[in-house]
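Everything on this sheet refers to the single structure shown next.
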There are 2 protein chains.
Amino acid sequence: MKESVSGCHVEDAIRVLGGRWRIVLVYSLLDGPKRFNELRREMPKISQRMLTLDLRALEAAGLVFRTIYPEVPVRVVYELTQAGHALRPLVEILGDVGESLQHLAPSPVRNGAVAG
Amino acid sequence: MKESVSGCHVEDAIRVLGGRWRIVLVYSLLDGPKRFNELRREMPKISQRMLTLDLRALEAAGLVFRTIYPEVPVRVVYELTQAGHALRPLVEILGDVGESLQHLAPSPVRNGAVAG
DNA sequence: CGGAATCCTCAGCGATACTG
DNA sequence: CAGTATCGCTGAGGATTCCG
């Protein structure tokens, strides 16, 4: 009962996964659970603040699961939920797209045509 | 010579396709060429300004082609390039993801666990 | 009709400092 | 180690007006 693609749903996905870091974060978690500072090391350009905020957002969306091990010092592990792992195709395709877009820079025909 | 997914490429794709409207715009153009005000009607919540800016950006990225018919009044038609049509899988998956995220709202187990 | 120009707002994000 | 708390910026995006 859905037409093949719903614009509304596309906007929904963007609302949850939009922003500079969330998808990259999911990508980083695709190969297994990681600790907070482990993620920071893999994403050197993200601020601590945004890492926290985006992890919380993904958690609230049901895409990331957080486990606290109350040791000293405390250890916190983030991992994708099943729904989170379901994003793998999206991330992979996005990676492919990003790659193709590079080569595209020298545009083929030069855009902008006047007809008539 | 790429590992299956490159975080770098993912960021590149986000740079080009990020923002609230660009992907939706591509989605809207997937079923054929459209005129400016036709796009506005299909995306009632986008401002005229952003529609212009995002169309220009997609044009510069080689994803959208623009044709001007110098009639009176002028007619301008936007359509996806081949590279633009190559985004179809991405948009479709994003639509599916958006749909699943809805049902996900009542989270399965309740996130946030304390182990140990 | 399909814009361009201008002005303005706000939220996304970064930097820094502090804490259990 | 894994955060929270503030502050400040900047740029994405909206509203409005004008134009060929």
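Numbered from 1 within each chain, the chains take letters A, B, ... in sequence-line order.
Distance A/Asp54 CG to C/dG12 C1': 10 Å, rounded to the nearest Å. For the pair B/Arg15 CZ and D/dA12 P, the interatomic distance rounds to 13 Å; values are reported in whole Å. When the P atom of C/dC1 is taken as reference, atom CD of B/Glu71 falls 13 Å away, rounded to whole Å. Residue A/Ile68 contributes atom CD1, which lies 10 Å from atom C1' of D/dA2 at whole-angstrom precision. Distance CE (A/Met43) to P (C/dC13): 11 Å, rounded to an integer number of Å. If you measure from atom CD1 of B/Ile14 to atom P of C/dC13, you get 10 Å, rounded to the nearest angstrom. Note: CZ (B/Phe36) to C1' (C/dG2) measures 6 Å, nearest angstrom. Following rounding to the nearest Å, B/Leu51 (CG) and C/dG3 (P) show an atom-to-atom distance of 8 Å.
Using a 4.0 Å heavy-atom criterion, one finds that B/Arg22 contacts no nucleic acid atom at all. Looking at heavy-atom distances under 4.0 Å, A/Arg56 makes contact with sugar-phosphate atoms alone, never a base. Residue contacts for B/Tyr69: at a heavy-atom cut-off of 4.0 Å it reaches no nucleic acid atom on any strand shown.
Note on B/Tyr78: every side-chain N or O is 4.0 Å or more away from OP1 and OP2 of C/dC1.
Between A/Leu90 and B/Asp96, every side-chain heavy-atom pair lies at or beyond the 4.5 Å cut-off. The closest side-chain heavy-atom distance from A/Leu94 to B/Ile14 is below 4.5 Å. In this structure, the side chains of A/Ile93 and B/Ile93 come closer than 4.5 Å at one or more pairs of heavy atoms.
One axis for each end of the helix from C/dC1-D/dG20 to C/dG20-D/dC1, each built from five base pairs, and the angle between them comes to 50° at 10° resolution.
Take B/Arg56 and apply the side chain to side chain donor-acceptor pair (under 3.5 Å) test, not counting sequence neighbours, and it matches B/Tyr78. In this structure A/Pro33 satisfies the side chain to side chain contact (heavy atoms under 4.5 Å, CB included) test together with A/Val77, A/Glu79, sequence neighbours excluded. B/Arg75 is linked by a salt bridge (charged side-chain N to carboxylate O under 4.0 Å, His left out) to B/Glu71, counting only residues two or more places apart in sequence or in another chain. With sequence neighbours left out, B/Val16 forms a side chain to side chain contact (heavy atoms under 4.5 Å, CB included) with A/Leu101, B/Ala61, B/Leu63. Shown here are the salt bridge (charged side-chain N to carboxylate O under 4.0 Å, His left out) partners of A/Arg40, two or more places apart in sequence or in another chain: there are none.
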Table of protein N/O atoms under 3.5 Å from nucleotides 14-20 of chain C N/O atoms:
from: C/dG14; atom 1: OP1; to: A/Trp21; atom 2: NE1; distance (Å): 3.3
from: C/dG14; atom 1: OP2; to: A/Ser47; atom 2: OG; distance (Å): 3.3
from: C/dG14; atom 1: N7; to: A/Arg49; atom 2: NE; distance (Å): 3.4
from: C/dG14; atom 1: O6; to: A/Arg49; atom 2: NE; distance (Å): 3.0

Donor-acceptor pairs under 3.5 angstrom involving side-chain atoms of residues 41-55 of chain A: please list them, not counting sequence neighbours.
from: A/Glu42; atom 1: OE1; to: A/Ser28; atom 2: OG; distance (Å): 2.5
from: A/Glu42; atom 1: OE1; to: A/Lys34; atom 2: NZ; distance (Å): 3.1
from: A/Glu42; atom 1: OE2; to: A/Lys34; atom 2: NZ; distance (Å): 3.1
from: A/Ser47; atom 1: OG; to: A/Met50; atom 2: N; distance (Å): 3.2
from: A/Thr52; atom 1: OG1; to: A/Gln48; atom 2: O; distance (Å): 3.1
from: A/Asp54; atom 1: OD1; to: A/Arg22; atom 2: NE; distance (Å): 3.0

